[in-house]
Amino acid sequence: AALDGVAFERLTSRTVSSRSALLRALAEVRRRGLSTVDSGTVGGVLSVAAPIMDSNGRAIAAITIGGPTARLTERLASLQAIVADGAEQV
């Protein structure tokens, strides 16, 4: 399937570095409707993303915001709402 042959590389201590961890993370994203990652690829960088869905309910794109963890953490809840609302409006 899509993940066959994918090599997972740990870039930080928070990197999703296995197929099972990725599947768990994707299940959580589906449940919540958005993704929040702190230092997953680059240490000290926080990002929030939400899927943009087509008329059939399939994800066809995404909207995201990211920046320094130290600056975004205290505003995380409002950023999550902004990203989720933005994805719905597209």
Side-chain angles (χ1 to χ4, degrees):
L3 296 177
D4 291 346
V6 172
F8 291 88
E9 180 181 351
R10 183 174 293 279
L11 301 174
T12 74
S13 63
R14 295 182 176 183
T15 299
V16 172
S17 58
S18 71
R19 184 178 194 272
S20 61
L22 177 60
L23 294 175
R24 283 192 306 273
L26 289 172
E28 179 68 12
V29 169
R30 284 187 189 102
R31 185 185 72 73
R32 294 181 61 212
L34 61 94
S35 170
T36 302
V37 177
D38 184 2
S39 302
T41 304
V42 177
V45 174
L46 183 134
S47 61
V48 178
I52 296 171
M53 310 301 257
D54 70 9
S55 60
N56 296 315
R58 293 183 325 197
I60 57 169
I63 186 169
T64 187
I65 187 169
T69 300
R71 293 183 59 200
L72 300 184
T73 299
E74 65 186 44
R75 299 175 39 206
L76 183 57
S78 66
L79 293 173
Q80 289 170 327
I82 289 167
V83 169
D85 289 345
E88 286 184 26
Q89 291 180 28
V90 172

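Sequential numbering from 1 along the given sequence is applied to the chain's residues. Atoms considered below: every heavy atom in the structure, side chains included; atoms not considered: hydrogens, waters and symmetry mates.
Side-chain heavy atoms closer than 4.5 Å link hydrophobic residues (I, L, V, M, F, W, Y) into clusters, and following such links, possibly through other members, connects L76 to L72. Follow the hydrophobic side-chain contacts under 4.5 Å out from L26 and you never reach V37; the two are in separate clusters. There is a path of hydrophobic side-chain contacts, each under 4.5 Å, that joins I52 to L79.
Taking the side-chain contact (heavy atoms from CB on, under 4.5 Å) definition, one finds that R14 meets it with T12, D38, S39, sequence neighbours left out. Applying the side-chain contact (heavy atoms from CB on, under 4.5 Å) criterion to S55, with sequence neighbours excluded, gives no partner residue. With sequence neighbours left out, R58 forms a side-chain contact (heavy atoms from CB on, under 4.5 Å) with D54.
Checking S17 against T15 by side-chain atom types alone, no donor-acceptor pair falls below 3.5 Å.
Note on residues 42-51: no pairs pass side-chain hydrogen bond (donor to acceptor under 3.5 Å, both in side chains), not counting sequence neighbours.
L23 is listed as a side-chain neighbour of L3, based on a closest heavy-atom distance under 4.5 Å.
F8 and V16 get closest at one heavy-atom pair: CD2-O, 4.0 Å. Shortest non-hydrogen contact noted between Q80 and T36 is NE2-OG1, 2.8 Å. Looking at every heavy atom in both residues, A50 comes nearest to G33 through CB-O, 3.8 Å. Considering all non-hydrogen atoms of both residues, I63 and A87 come closest at CG2-CB, 3.6 Å. Scanning both residues, S35 and V29, for their nearest heavy atoms gives CB-CG2, 3.6 Å.
The distance from atom CD of E28 to atom CG of L34, rounded to the nearest 0.5 Å, is 9.5 Å.
Applying the under-4.5 Å side-chain rule to Ile, Leu, Val, Met, Phe, Trp and Tyr, the cluster around L11 consists of that residue alone. Other residues sharing a hydrophobic cluster with V42 under the 4.5 Å side-chain heavy-atom criterion for ILVMFWY residues are V45.
More than 12 non-hydrogen atoms from other residues, nucleotides or ligands lie less than 6.0 angstrom from CZ of R32.
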